[in-house]
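Report on one structure; see the data block that follows.
Chain letters run A, B, ... following the sequence lines, proteins first and then strands; every chain starts at 1. Quick caveat: nothing in here was measured; it's all calculated off a predicted structure.
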There are 2 protein chains.
Amino acid sequence: MMARRNDHSRDELQQMALQAAERLLDEQGAEALSTRKIAAAIGYSVGSLYQLFRNYDDLCWQINSRTLQQLLQALAPHDGKPPREALKAYALGYLQFAGQQPQRWSLLFEHRSPAELATPVELDGAIAQLFGLIEQPLAALLPEQPAQEIELAARTLWSGVHGVAVLSSKDKLFHADPGSAGRMVTDLIDRYLDGWRG
Amino acid sequence: MMARRNDHSRDELQQMALQAAERLLDEQGAEALSTRKIAAAIGYSVGSLYQLFRNYDDLCWQINSRTLQQLLQALAPHDGKPPREALKAYALGYLQFAGQQPQRWSLLFEHRSPAELATPVELDGAIAQLFGLIEQPLAALLPEQPAQEIELAARTLWSGVHGVAVLSSKDKLFHADPGSAGRMVTDLIDRYLDGWRG
DNA sequence: GAAAGATAGTGAACAGCGTTTAATTTGTAA
DNA sequence: TTACAAATTAAACGCTGTTCACTATCTTTC
């Protein structure tokens with residue numbers, strides 16, 4: 001009744017585990033995630049999980065990598081818009097994603113790994129990709145600025161949007177109005193961009 | 001050789017525990033914090049800790065409350081400055097604090113408690129206090145704006161600064177220049193404020 | 001001062017966690 | 001059919017937060 005070798009390939013098993021983990025994450029939060037629960041959810045023992053993932057942090061990173069891909073996909077449709085609208089649409093999409101996927105968002109930005117384990121390059125790359133997305137409309141809006149200035153402005157502006165998303169997702173903005181976060185990011189973008197005109 | 005009732009009062013013990021916890025936190029990170037280590041550090045057993053704190057989250061919240069007080073104290077000296085300088089000084093102080101106390105900062109903003117446990121009012125109050133600190137110079141800079149608008153602008157601007165601090169403390173800004181975070185927050189404040197002139 | 005009561009303090013226990021490993025089952029190849 | 005290799009498991013280790021019966025200590029009362 002145990003040890004079925006050809007039921008699923010390694011990759012299939014990996015996908016099954018990640019999906020089960022994401023389900024648990026969504027339903028019970030990051031605190032409740034555990035290797036044993038994930039293993040039980042796919043009908044395997046804990047030890048088998050360790051043939052698919054190097055350790056628990058590796059598993060979390062793979063979830064985060066998928067989350068980041070989904071986030072980038074959610075932002076993609078706003079590609080062709082006029083620069084300022086594109087920036088606002090990215091920001092609102094960012095906010096919306098954080099609001100709709102609170103647990104995955106939380107795992108993405110709050111998962112602490114032991115200091116000695118470095119975050120995988122793949123994850124960092126996706127974040128860099130996100131910054132790159134912002135640079136394009138920003139460069140269009142500030143044509144006289146050198147690339148380096150655009151780079152810094154993109155990071156500045158997007159850090160700001162990220163900050164709103166973070167505090168908003170934790171209900172730390174102290175504003176009863178649920179739409180205030182949206183107004184805040186569009187306001188931030190408008191003011192910041194207008195500030196460059198002077 | 002055990003059970004010394006009059007060596008320390010309840011309050012003394014509580015302070016000892018919090019100090020020991022902060023020391024462990026600073027030296028080994030939030031991951032390494034544990035009730036047993038804290039108890040051992042003050043020469044008591046685990047069970048005794050539970051007479052001082054309702055649970056581990058309560059202990060973390062008390063650490064966070066102290067951290068927040070220290071942060072507010074670090075910002076206090078910039079009270080009297082001209083509005084725009086005050087805002088920048090607050091922002092730089094915020095950044096500096098995050099950089100100098102990375103572990104406490106991390107615990108403050110990333111400690112996840114089981115969802116059913118609500119964050120204590122005391123903590124929320126300190127965050128509200130922080131927002132209030134920003135509203136003053138902002139109101140001076142935008143005298144024609146109604147109080148509600150100032151409130152929202154303070155949250156917007158400070159969320160932005162917070163975002164820079166968060167990404168900066170995690171080295172997710174991808175900027176070799178270590179001073180770039182400082183330039184980013186002052187840039188953010190300047191542009192945002194200038195944006196209001198139009 | 002002795003007895004009684006209250007409480008600070010203990011340490012073992014429980015259930016859970018991530019992780020490793022010896023042993024076993026399975027599929028494949030000789 | 002036998003031998004080998006790989007997948008899978010169960011048990012174990014050391015850790016975690018938390019609880020609880022028990023003991024040692026102090027305080028109060030007689």
Side-chain angles (χ1 to χ4, degrees), chain A residues 1-18 20-21 24-25 27-64 107 110-117 120, chain B residues 1-18 20-21 24-25 27-64 107 110-117 120:
Chain A
M1 67 190 288
M2 44 199 78
R4 308 124 295 174
R5 300 232 297 212
N6 285 345
D7 283 12
H8 307 283
S9 72
R10 238 187 101 94
D11 282 353
E12 276 177 338
L13 270 178
Q14 196 145 163
Q15 296 306 312
M16 286 167 58
L18 288 173
L24 279 167
L25 174 61
E27 289 175 353
Q28 308 192 40
E31 294 290 301
L33 254 193
S34 82
T35 56
R36 284 173 172 83
K37 285 185 193 166
I38 297 169
I42 61 172
Y44 280 75
S45 71
V46 216
S48 291
L49 264 194
Y50 281 80
Q51 212 135 6
L52 306 171
F53 306 96
R54 301 214 325 284
N55 49 40
Y56 181 71
D57 287 299
D58 182 30
L59 195 155
C60 285
W61 283 331
Q62 294 205 30
I63 295 177
N64 285 342
L107 189 73
E110 291 173 23
H111 176 64
R112 277 197 297 259
S113 310
E116 66 270 16
L117 279 151
Chain B
M1 68 190 290
M2 42 198 80
R4 310 124 293 175
R5 301 232 299 210
N6 286 346
D7 283 12
H8 307 284
S9 72
R10 242 187 97 93
D11 284 354
E12 275 177 340
L13 270 178
Q14 195 145 164
Q15 297 305 312
M16 287 167 59
L18 287 173
L24 279 167
L25 174 61
E27 289 175 355
Q28 308 193 40
E31 295 289 302
L33 254 193
S34 82
T35 55
R36 282 174 172 83
K37 285 184 192 163
I38 297 168
I42 61 172
Y44 280 75
S45 71
V46 216
S48 292
L49 263 195
Y50 281 79
Q51 213 136 10
L52 306 171
F53 306 96
R54 299 215 324 283
N55 48 41
Y56 182 69
D57 288 298
D58 182 30
L59 196 155
C60 285
W61 283 330
Q62 293 204 30
I63 295 176
N64 285 343
L107 190 73
E110 290 174 23
H111 175 63
R112 275 197 299 260
S113 310
E116 65 271 15
L117 279 151

Just jot down the side-chain hydrogen bond (donor to acceptor under 3.5 Å, both in side chains) partners of N55(B), sequence neighbours excluded, or say none.
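N55(B) satisfies side-chain hydrogen bond (donor to acceptor under 3.5 Å, both in side chains) with no residue once adjacent residues are dropped.
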
Take atom [atom1] of [X] and atom [atom2] of [N], then tell me their distance rounded to the nearest Å.
{"X": "R10(B)", "N": "dA8(C)", "atom1": "CZ", "atom2": "P", "result": "7 Å"}
{"X": "H8(A)", "N": "dG27(C)", "atom1": "NE2", "atom2": "P", "result": "13 Å"}
{"X": "L59(B)", "N": "dT18(D)", "atom1": "CG", "atom2": "C1'", "result": "14 Å"}
{"X": "D7(B)", "N": "dT7(C)", "atom1": "CG", "atom2": "C1'", "result": "15 Å"}
{"X": "E12(A)", "N": "dA7(D)", "atom1": "CD", "atom2": "C1'", "result": "15 Å"}

So do the side chains of [X] and [Y] get within less than 4.5 Å of each other, counting heavy atoms only?
{"X": "L33(A)", "Y": "Y56(A)", "result": "yes"}
{"X": "D7(A)", "Y": "E12(A)", "result": "no"}
{"X": "F53(B)", "Y": "L18(B)", "result": "yes"}

Test side-chain contact (heavy atoms from CB on, under 4.5 Å) applied to Q51(A) and R10(A), step by step
CA-CA 9 Å; Q51(A) 212 135 6; R10(A) 238 187 101 94; 4.0 Å; yes

For nucleotides 13-16 of chain D, print each protein N/O atom paired with a nucleotide N/O atom at under 3.5 Å, atom names and distance only.
residue: dT16(D); atom: OP1; partner: S34(B); partner atom: OG; Å: 3.2

If you apply the rule side-chain contact (heavy atoms from CB on, under 4.5 Å), what do you find for Q14(B) with Q62(B), and how did you get there?
CA-CA 10 Å; Q14(B) 195 145 164; Q62(B) 293 204 30; 3.2 Å; yes

Using every non-hydrogen atom in the two residues, find where A17(A) and I38(A) come nearest and quote the distance to one decimal.
O-CG2, 3.7 Å

Taking it one step at a time, do R54(A) and L59(A) satisfy side-chain contact (heavy atoms from CB on, under 4.5 Å)?
CA-CA 8 Å; R54(A) 301 214 325 284; L59(A) 195 155; over 6 Å; no

Can you pull out the residues from residues 40-54 of chain B that lie within a 4.0 Å heavy-atom distance of DNA chain C?
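DNA chain C contact set from residues 40-54 of chain B: Y44(B), S45(B), G47(B), S48(B), Q51(B).
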
